[in-house]
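Not measured: the values here are computed from a predicted model.
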Amino acid sequence: MAPARLRRAELGLVASALLGTMSMSVAMPPTTVDYSLPTVAFSELAASSGESSHELLHHMTTFGAVAVTGVPGFAATRRQALEDVPKACMVREDPSTYAEATMADGTLRRTVGARTRQGIPQPLPGTDDCNAGAAALRAVVDMASKYFFNALDMAASGAESGGALMRRGGRAEPAAAAAAADGVTSGAEYASFGQLMGAGDHLEHFHTYHIPTEAEAEAE
């Protein structure tokens, strides 16, 4: 894995941990234990409490994920984005702005995505309305991410350190130039989770799923 880049699966894990969107409670065979993620309140992270920071670090090192509850503005901006993004970004008349795939069961999935690179959100493909629909939610995610990693850094600063958090491998231009501008040169080390977050590429995807009617399927 390239150290300076967060893989898509890793971003999904972080997003689920930050926003509590992952649900592990599903119908299971009687022999399987139903599992729920541990939770940490956003208000505790925002208060910069050493106790909550160590609790967060414990959950991440023990379970690998945590649900952060009560993120200000998340519920409202999530609902608004889920309403506005499909209408503004995934209109059938302009398929160049989204990717489309047919799943094994015939379900049609449309995807639009962008990156936050070096802390700067890149625009979604499409119109201004498309970006406006997602902007508030992306800002809330970015805000929550910073508090999340700051809390991890607080807890890690009191632990025994074995050296750098992660080493940066060689990077091709222009990524290396962007990293150098951020104060981290090729071959250097990440001293904190916050620095790692700031140097990474964060993939942000929106998906819609639609089961075509018989008439729609015949029209295809």
Side-chain angles (χ1 to χ4, degrees), residues 1 3-26 28 32-82 115-121 135-168 179 182-184 188-205:
M1 181 186 74
R5 188 179 185 83
L6 296 179
R7 289 181 178 177
R8 187 174 304 173
E10 292 168 332
L11 178 64
L13 175 62
V14 171
S16 298
L18 288 172
L19 306 177
T21 57
M22 180 186 293
S23 175
M24 299 296 289
S25 180
V26 296
M28 298 179 177
T32 304
V33 176
D34 189 10
Y35 179 78
S36 298
L37 290 175
T39 63
V40 173
F42 177 84
S43 59
E44 295 180 2
L45 300 183
S48 299
S49 164
E51 182 178 349
S52 61
S53 296
H54 284 284
E55 181 183 6
L56 177 63
L57 184 61
H58 167 74
H59 291 329
M60 291 301 292
T61 55
T62 303
F63 303 103
V66 61
V68 177
T69 61
V71 177
F74 174 67
T77 57
R78 175 180 180 271
R79 181 173 58 252
Q80 194 65 47
L82 291 178
R115 290 174 169 152
T116 292
R117 175 174 291 169
Q118 304 292 323
I120 301 175
L137 177 60
R138 296 180 73 186
V140 168
V141 171
D142 181 68
M143 176 272 296
S145 300
K146 290 175 180 175
Y147 277 104
F148 182 87
F149 284 107
N150 180 64
L152 285 179
D153 283 333
M154 283 186 61
S157 65
E160 289 296 328
S161 176
L165 178 67
M166 185 178 291
R167 294 184 182 278
R168 178 190 297 275
D182 193 44
V184 182
E189 302 170 340
Y190 296 105
S192 68
F193 288 103
Q195 191 180 65
L196 178 61
M197 173 193 171
D201 285 356
H202 306 268
L203 305 184
E204 300 162 350
H205 287 170

Residues two or more places apart in sequence or in another chain: which of them pass side-chain contact (heavy atoms from CB on, under 4.5 Å) with [X]?
X      : value
Thr116 : Pro121, Arg138, His202, Glu204
Ala46  : Phe42, Tyr147
Ala41  : Ser43, Glu44, Thr69

Polar side-chain atom of [X] near backbone of [Y] as donor-acceptor pair, under 3.5 Å:
X      : Y      : answer
Gln195 : Ala191 : yes
Asp153 : Gly194 : yes
Thr62  : His59  : no

Taking all atoms of both residues into account, what is the closest heavy-atom pair of [X] and [Y], and its distance?
X      : Y      : value
Leu37  : Ala65  : CD2-CB, 3.8 Å
Pro72  : Val140 : O-CG1, 3.8 Å
Ala199 : Gln118 : O-NE2, 3.2 Å
Leu45  : Ala151 : CD2-CB, 3.8 Å
Leu137 : Thr77  : CD1-OG1, 3.6 Å

**Message:** Do His54 and Met154 make a side-chain contact, defined as non-hydrogen atoms from C-beta onward lying under 4.5 Å apart?
**Reply:** no
**Prompt:** Just wondering, do Leu56 and Phe148 contact through their side chains at under 4.5 Å, heavy atoms?
**Reply:** yes
**Message:** Is there a side chain to side chain contact (heavy atoms under 4.5 Å, CB included) between Leu152 and Met197? Walk through the geometry before answering.
**Reply:** CA-CA 12 Å; Leu152 285 179; Met197 173 193 171; over 6 Å; no
